[in-house]
There are 2 protein chains.
Amino acid sequence: MAAPFTLRAAALHTPAPDTLEHWPDALIAVDASGSIQSVQPYNGQTPDNLLTLPPGHILLPGLIDLHIHAPQWPQLGTALDLPLEQWLQDHTFPLEARYADSDFAAEVYGAMVPALLANGTTTALYFGSIHLPATQILAETCLRHGQRALVGRVAMDHPELCPPEYRDASAAQAEADTRSLIKAIRALPGNESALVRPVITPRFIPACTDDLLHRLGKLAAETGCHVQTHASESDWEHEHVLDRCGCSDTEALGGFGLLTRRSVLAHGNLLGDDDLALIRETGAAVAHCPLSNAYFAGAVFPLRRALAHGVRVGLGTDIAGGAHPSMLDSARMAITASRMLETGVDPALPAGRRGRPGARIDATTALWLATAAGGAALDLPIGQFRPGYQFDAIAISPGSNLTLPPGEAPARLLERIIHTASRANVARVWVAGREVA
Amino acid sequence: MAAPFTLRAAALHTPAPDTLEHWPDALIAVDASGSIQSVQPYNGQTPDNLLTLPPGHILLPGLIDLHIHAPQWPQLGTALDLPLEQWLQDHTFPLEARYADSDFAAEVYGAMVPALLANGTTTALYFGSIHLPATQILAETCLRHGQRALVGRVAMDHPELCPPEYRDASAAQAEADTRSLIKAIRALPGNESALVRPVITPRFIPACTDDLLHRLGKLAAETGCHVQTHASESDWEHEHVLDRCGCSDTEALGGFGLLTRRSVLAHGNLLGDDDLALIRETGAAVAHCPLSNAYFAGAVFPLRRALAHGVRVGLGTDIAGGAHPSMLDSARMAITASRMLETGVDPALPAGRRGRPGARIDATTALWLATAAGGAALDLPIGQFRPGYQFDAIAISPGSNLTLPPGEAPARLLERIIHTASRANVARVWVAGREVA
């Protein structure tokens, strides 16, 4: 059923980090543009175009993946035993270089986007490869399948870190290709509502010359585009930038004009207090990627500390540094990692000196990160069931690995969903009022 | 197809912690008793009763769950925010008490056992509730569905820790009920091959009087049964035993006669060197439960250290302290937790002081833990494709979240399976040569 419609369903959402709102029986009216008109308890009346979810299903806001490398999809789950720099050079860059072949791009992206939608990812902030045609194909694929997406052609021109066979020919060329992508995506037929948006995407400071970073910062100011990059992910990367720039990633990015209200910095594990203050001041956001951090960062992102600083934080899979396409897995690992940071991990230390008290989050905060907080980080009206917001939603159905007992407290139902649901439990998926999986 | 048969399939197994054996095209001959007669490369001939897996499928040994609380199945994924002792008193004990109702037991176990088989768990070492009838129902359910199982009626008589409405009336009664269960399971019609076995199951020292522990130790010597309990899981539990017994869990269990070649100690996060030496000496084993440890233990089990001591270790889900029914999730978390122990978690510490170098394991070791090591821990011929071993196996099929590219190195294929496979990829399941899911 295409919008306009009214959906009757049990629903829950998390408009704030510690706030869970639950409707045991809601009516959500969606207009023809996919925008939510009203959310109210079922009132016994039958509106036109009524769609009713089966009993036992629970409607959640669609999941928002704030950090995913589309071209790395084929290496999902492999080579996680390597250090970041070797993983990049020996596996990731050679794979990404293959997207010079547009047929390969069409094949991979044509499989990936429906798979992500089926996992419940209604919005994704994508890193592409350096290739303009392949990245346009990614944008077109998202639009065709109805996934809300922000798509960036990755820019990387530094001759020291980037291999000759996989880097931008020059800073000027990288800027020109980025401009072309912005123009192409904004002009895509069928994209009048800006379901798919371009993103300025310097890979990370080590992979970019100062010239390129300056150019992209100016381009961000000129176009108002979103910006994404990596920042202070691992000790190696953090030290590399300190050595080269004489300051942290965040300070350097600010100097290049890359910290804006629409910037998303992936990881941020090693952000200092000054960094967090600067991020808050500029309105930028952090994409917390707990799955990949366990393998490549060597530390858990101090999420509670970032939130206490007033920094906006969302959640990312970091495919393929993270091995799971499901944002439910990322949400679960965000909780697990926060617990491990809180208690510590080394039993050889006494309990009192093992961890960092107060670090934990719960399922409510985890869903908030994966929905409302992701929407806020992107500065888009998504991630909540609220009038004026887009109707991006998923219906969770129970199954043999997930029971949703009637009458259980909403916070416990949500905990079950976050901890045990998988793709098999994502029964229906809508983006902008359109059913897409 | 019932055994005898010969299966033609790509297969891999892990006979040792760092050894992966791969057959791109194997013939595995299984006799009428479900025992493997031979494993050899395909030789171009067509034996009788040939069963061929589709191309792209990979056969693995069946997964062995060394620690699972069957009655906790209904609370999978909930209340993980509580400390262990509160989780037990407020949620777990009240739930387990409900198994006084045999109809409830039949309903839950009748849903759980097929779900576990569908997830690929071909052998499970079960804690039941204190109820003899419900625990017999669990054993019968496993037998009926063809799951290899070791089933224990949990014994817990300590009036301080155990609530009045959920504890054994006396040590003598607990011993008598344990004897009854042993006799009943050994006499089950259809259980002549001992597919289902009884297990002596003191919950943990805090829940048992010395009298009960002594009685159960004697019973273990008398019957030769397997033994299972918890040991040195959390700081609270570890300290509790030190205070009460004046020694560690392990030393105390040894004194009660509960450390045998067929004993499995769950968790063991806080085991000291003396404990590990004693466990090795007695031939007991540890069930590592990385999923629940992140929530209830406050530390990561130092797996590499235990292996260096020569201690046998397998892997458990610890349902419902662990929220995932799939042993693939436990295997994945064993890797992830080992990486977090190795690097540490707190970014406020310098990298050199953050973690414990050398703690990591890889996918090969993780599969070994979930298969061959589990079989060795149980002292049963399972977990490997080797003549004389039982044919317990699962076929993994690729899907949109799991690609298995032809020609990729076996270690990388296994890494993909461990990191991204879920129940949907468990295409077929055999126990003792019988297809069961």
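Residue numbering restarts at 1 for every chain, and letters A, B, ... go by the order of the sequence lines. Note that this is a predicted model, so its numbers are computed, not measured.
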Going from [atom1] on [X] to [atom2] on [Y], what distance comes out if it is rounded to the nearest 0.5 angstrom?
X: B:Thr403; Y: A:Leu76; atom1: OG1; atom2: CG; value: 7.0 Å
X: A:Thr343; Y: B:Tyr295; atom1: OG1; atom2: OH; value: 11.0 Å
X: B:Thr336; Y: A:Leu80; atom1: OG1; atom2: CG; value: 8.5 Å
X: A:His419; Y: B:Leu291; atom1: NE2; atom2: CG; value: 10.5 Å
X: B:Asp346; Y: A:Asp346; atom1: CG; atom2: CG; value: 12.5 Å

### Query
Do you know which two heavy atoms are closest between B:Arg354 and A:Gly298, and how far apart they sit?
NH1-O, 2.8 Å
So what's closer than 4.5 Å to chain B heavy atoms on [X]: side chain, backbone, both or neither?
X: A:Arg412; value: both
X: A:Ile335; value: both
X: A:Asn119; value: side chain
X: A:Arg356; value: side chain
X: A:Ala111; value: neither
X: A:Met112; value: neither
X: A:Ala79; value: both
X: A:Arg332; value: both
X: A:His238; value: neither
X: A:Pro74; value: backbone

### Task
Output the option from B:Ala115, B:Ala118, B:Ala299 having the highest count of non-hydrogen pairs under 4.5 Å with chain A.
B:Ala299
### Query
Between B:Asp81 and A:Arg339, does at least one N-O distance fall below 4.0 Å, as a salt bridge requires?
no
### Contacts with chain A made by residues 357-367 of chain B (heavy-atom distance under 4.5 Å), listed by residue number
B:Arg360
### Query
Who among A:Leu270, A:Asp235, A:Asn293 has the most heavy-atom pairs with chain B under 4.5 Å?
A:Asp235
### Task
Determine, stepwise, if the pair B:Met340 / A:Val300 fulfils side-chain contact (heavy atoms from CB on, under 4.5 Å).
CA-CA 9 Å; B:Met340 295 172 81; A:Val300 172; 3.6 Å; yes
